[in-house]
Structure formats: C-alpha cells, structure tokens
> 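Below you'll find the structure I mean.
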2 protein chains.
Amino acid sequence: MKTTRKHLIEATKELLWERGYEAMSPRAVLERSGAGQGSLYHHFSGKAELVSTALDEIGEDMHANNRVYLHSDKPALQRIRDFLTMPRDALRGCRLGKMTQEPMSAQDGLREPMAAYFTELKQDLIGVLEEARQEGTLREDLNLPELAATIIAIVQGGYVLARASQDPEQMQQAIRGILALIDSAERK
Amino acid sequence: MKTTRKHLIEATKELLWERGYEAMSPRAVLERSGAGQGSLYHHFSGKAELVSTALDEIGEDMHANNRVYLHSDKPALQRIRDFLTMPRDALRGCRLGKMTQEPMSAQDGLREPMAAYFTELKQDLIGVLEEARQEGTLREDLNLPELAATIIAIVQGGYVLARASQDPEQMQQAIRGILALIDSAERK
DNA sequence: GTCTATAGCAGGATAGAC
DNA sequence: GTCTATCCTGCTATAGAC
C-alpha cells in the first residue's frame with residue numbers, strides 16, 4: 001500500500017507532539033499506524049529519517065495555518081493581533097518549539113525543519129510589520145526584526161508558562177501583555 | 001560518605017541541563033558521580049525522586065541568581081532591564097523551562113518545582129513593577145501580572161529561538177524588542 | 001512492500017555481600 | 001552506606017519469509 005508510508009508519518013507526527021523525540025519509540029509508531037517492523041525500515045533508514053520527514057510536514061502544516069492569520073484582508077497590525085490571539089492548545093505545547101529543547105535538535109536533518117519554520121515565520125511577520133509601517137499605523141522607530149522575534153518568543157514562552165503551571169491562562173496573560181505594549185506602539 | 005548523596009544530585013543537575021529528563025539515565029548519573037548502583041537506590045526511591053530533588057535545587061539556584069538583578073539598589077525599571085539582559089547561555093536553554101515541554105512535566109513531584117520557580121519569579125517581577133509604578137516611571141494603565149508574564153515568556157521564548165537557529169543572537173533580538181516596547185511604556 | 005521473528009543493547013530497578 | 005552482579009523490560013535495528 002502506498003498509504004503505509006503516510007500512516008507511518010501521521011503516527012509519528014502525533015507521537016512527536018505527545019511525547020517529543022526522546023520519548024517517542026519506533027515501536028509506538030508501528031503500533032499506532034498498524035504497520036509492521038519491516039515497513040518502517042523499508043521506507044526510512046531509521047528513527048531519525050522518519051522524524052525528519054515528519055518534522056518537515058509539521059513545519060508546512062504550521063506555516064500554512066499561520067498564513068491564514070497573517071495574510072487575511074485585515075489591516076496589518078490587526079493581522080499581528082490575530083496571529084497572537086489565534087486558538088492554541090497551550091497545554092500541549094508548540095509542535096516544533098518544544099523539540100528545540102531536546103538534545104536531538106543539534107542533529108543534522110532534525111534541526112533544519114525547526115530552523116526553517118522559525119525563519120519563515122519571522123520573515124512573514126517582518127513583512128506584515130512593514131505593511132503596518134507603510135499604512136502609517138506603527139511607530140517608525142521600532143526595529144522590525146527585533147519586534148518579529150519578540151512576537152514569536154512571546155508565543156513560545158507562553159507555552160512554557162502554561163505547561164509549567166498546567167494553566168492555559170498563563171499563556172493568555174503573556175499574550176495580553178504584549179498586545180498592550182503593541183497598542184502603545186500604534187499610531188492612531 | 002555523606003557527600004555521595006550530594007555528588008549524585010550534582011551529576012543529576014548537570015545531566016538534566018545537558019539532556020533533559022527523558023534522555024538522562026540513572027546509569028549516566030552513576031558514571032558521572034562515581035557512585036555505585038546501590039548508592040542511588042539507597043538515597044532515592046528511583047529516578048523520579050532523584051530528579052525531583054535536583055529540580056528543587058535548580059529552582060533555588062536560579063531564584064537566588066534572579067534576585068541579584070531584581071533586588072539591587074537601582075531604580076525599579078532598570079532592574080527589569082537588568083533582569084532581561086543578564087548573561088544567559090542561550091544555546092543551552094533554560095534549566096527548568098526546557099523540561100516543561102517534556103511529558104514528565106505532568107508527573108507529580110516533578111512539575112511542582114518548575115511551577116514554583118515560575119510562580120515566584122512572576123511575583124518578584126510584579127513586586128518590582130509595582131515599585132516602578134510607585135516611583136512614577138511606569139505608565140499607570142498597564143496590567144502588572146500580564147506584563148510580568150510577558151517578560152518571563154520573552155526569556156523562555158528567546159531560548160527557543162536561539163536553539164532552533166543555533167544562534168544566540170536570536171534571543172538577543174527578542175529581548176531588545178521587548179526592551180524597546182518597555183521604553184515606550186516608561187514615563188520620563 | 002509488508003510481514004513476523006529476533007538480535008543486541010541500554011534503561012531502570014533489585015539482591016545481597018561487605 | 002556503598003559496592004558488584006544481575007534481572008526484566010523496552011528500544012532500535014536487522015533477517016528473511018511471503
């Protein structure tokens with residue numbers, strides 16, 4: 001079946017979100033996908049390549065979702081707010097961000113998908129912030145790459161706070177805090 | 001030796017920082033500390049209790065370090081800036097924050113030290129922000145618990161950005177971004 | 001391409017001598 | 001209290017039939 005490979009990747013994506021890389025075993029992937037040992041090692045050289053493929057897809061999924069908010073027909077600064085306030089499962093954590101803290105994130109083939117995701121997101125944010133500046137709604141003195149990095153960091157840090165306390169509200173607080181600061185950087 | 005227990009805890013603290021919980025084996029702790037199998041299971045019921053003890057100490061270490069910056073004799077808002085810009089090993093990640101993204105962070109006895117650290121840090125930050133408000137250097141309309149959460153999230157998210165890109169500068173950018181926004185919330 | 005069976009090894013914990 | 005020896009389990013990968 002051509003779908004066996006797809007099933008393996010799907011199961012891997014789920015398990016990476018639930019457990020991360022270290023705690024995710026190929027055996028668990030086989031059980032969840034319904035495939036046998038041989039299939040995994042027929043389609044992939046091992047755990048690392050399987051995960052690398054899954055990470056690529058996760059990055060694409062997330063990027064596509066972000067663009068729904070960042071490229072709508074609303075004013076640029078509103079799109080930034082929409083991105084910050086989009087629904088997020090705070091207690092599950094960021095599918096990619098959480099793995100940056102594991103030792104595997106230094107390995108070749110595994111770091112790249114994470115780096116690519118955050119680089120693209122940052123560029124998207126910078127683009128929207130430039131639009132806001134052109135629309136005249138954003139103060140001129142702000143450094144846009146820095147502001148973009150700040151916005152991403154708030155989301156990632158919000159996940160950390162939420163999980164530490166097991167309380168999604170902690171992430172919401174952090175986001176409301178940055179929204180208030182962005183309000184004061186808005187030219188009205 | 002009474003110090004065998006201490007050596008076990010020290011080795012655990014180091015290994016948690018390097019590898020996190022899932023990837024840290026009791027065997028590695030024994031090798032690094034020079035102790036034998038029996039010592040570990042004499043002093044602790046198992047991996048979880050050993051790690052719980054180590055996490056408590058890590059939280060205390062970090063809290064003591066934070067207070068150096070948050071309780072200096074400088075103006076309150078400057079202490080916030082000092083906290084944000086204190087030296088950090090961006091590529092190693094936060095000793096506690098990184099583990100909030102592991103599955104173990106839901107386990108009893110392991111989550112508490114992380115939750116306690118972030119709760120105390122947030123309270124400290126709120127206290128300093130209240131001082132700033134009393135000094136008349138901070139805009140009155142800002143919600144202080146939200147701003148405190150934002151500050152913590154920036155640091156935690158900065159670690160994520162730095163590790164994803166393997167570039168400490170990404171964390172610095174995020175921090176400079178929030179410093180600029182805080183500047184605009186300062187009453188001069 | 002997919003399966004079952006299994007190898008080889010490391011993780012986590014226990015037993016029991018000293 | 002500390003040690004060495006050892007158990008059981010699960011992880012990662014390979015072998016080889018279908």
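All chains are named by letter (A, B, ...) in the order of the sequence lines, taking the proteins before the strands, and each is independently numbered beginning at 1. As a basis for the values below, the full set of heavy atoms in this structure was taken, side chains included, without hydrogen atoms, waters or symmetry mates.
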> Enumerate the protein-to-nucleotides 4-9 of chain D contacts in which both atoms are nitrogen or oxygen and the separation is below 3.5 Å.
from: D:dT4; atom 1: O4; to: B:Gly38; atom 2: N; distance (Å): 3.2

> Would you call A:Glu186 and A:Arg81 a salt bridge, using N to O less than 4.0 angstrom?
yes
> For B:Glu140, give me all partners under side chain to side chain contact (heavy atoms under 4.5 Å, CB included), at least two apart in sequence or on another chain.
B:Arg133, B:Arg187
> Should A:Arg79 and A:Asp73 count as an ion pair when the cut-off is N to O under 4.0 Å?
no
> Could you state the atom-to-atom distance from CE of A:Met24 to C1' of D:dG10 in whole Å?
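One finds 14 Å between C1' of D:dG10 and CE of A:Met24, rounded.
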> Taking only the side-chain nitrogens and oxygens of A:His43, find out if one of them lies under 4.0 Å from OP1 or OP2 of C:dT2.
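So the side-chain polar atoms of A:His43 do come within 4.0 Å of the phosphate oxygens OP1 or OP2 of C:dT2, strictly under.
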> May I ask you to decide whether A:Arg176 forms a salt bridge with A:Glu169, counting only side-chain N to carboxylate O separations under 4.0 Å?
yes
> From C-beta outward on B:His42, which listed nucleotide comes closest to its side chain: D:dA13, D:dT2, C:dG12?
D:dT2
> May I ask you to say whether A:Glu18 pairs ionically with A:Arg32, meaning some side-chain N is under 4.0 Å from a carboxylate O?
yes
> Are OP1 or OP2 of C:dT14 and a side-chain N or O of B:Tyr41 less than 4.0 angstrom apart?
no
> Using a strict 4.0 Å threshold on nitrogen-to-oxygen distance, state whether A:Glu146 and A:Lys122 make a salt bridge.
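The answer is no: the pair does not qualify as a salt bridge.
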> If only side-chain N and O atoms count, and only distance matters, is there a donor-acceptor pair under 3.5 Å linking B:Lys98 with B:Gln156?
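No donor-acceptor contact under 3.5 Å links the two side chains.
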> Find the distance A:Phe44:CZ to D:dT12:P and express it as a whole number of Å.
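Going from A:Phe44 (CZ) to D:dT12 (P), I get 15 Å.
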> Select from A:Ala23 and B:Gly34 the residue whose nearest nucleotide in DNA chain D is closer to the 5' end of that strand.
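On the 5' side of the pair lies B:Gly34.
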> What is the distance from CG of A:Leu30 to P of D:dG10, rounded to the nearest Å?
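To the nearest whole Å, that distance equals 15 Å.
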> Near DNA chain C, under 4.0 Å by heavy atom, which residues of residues 6-22 of chain B?
none
> Nearest whole Å is fine: how far is C:dT4 C1' from A:Glu31 CD?
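Between C1' of C:dT4 and CD of A:Glu31: 15 Å.
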> When you compare the side chains of A:Asn66 and A:Tyr117, does any donor N or O come within less than 3.5 Å of an acceptor on the partner?
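Yes.
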> Any chance the side chains of B:Arg163 and A:Ser105 put a donor and an acceptor closer than 3.5 Å?
yes
> Just how far, in rounded Å, is P of D:dA13 from CG of A:Leu50?
10 Å
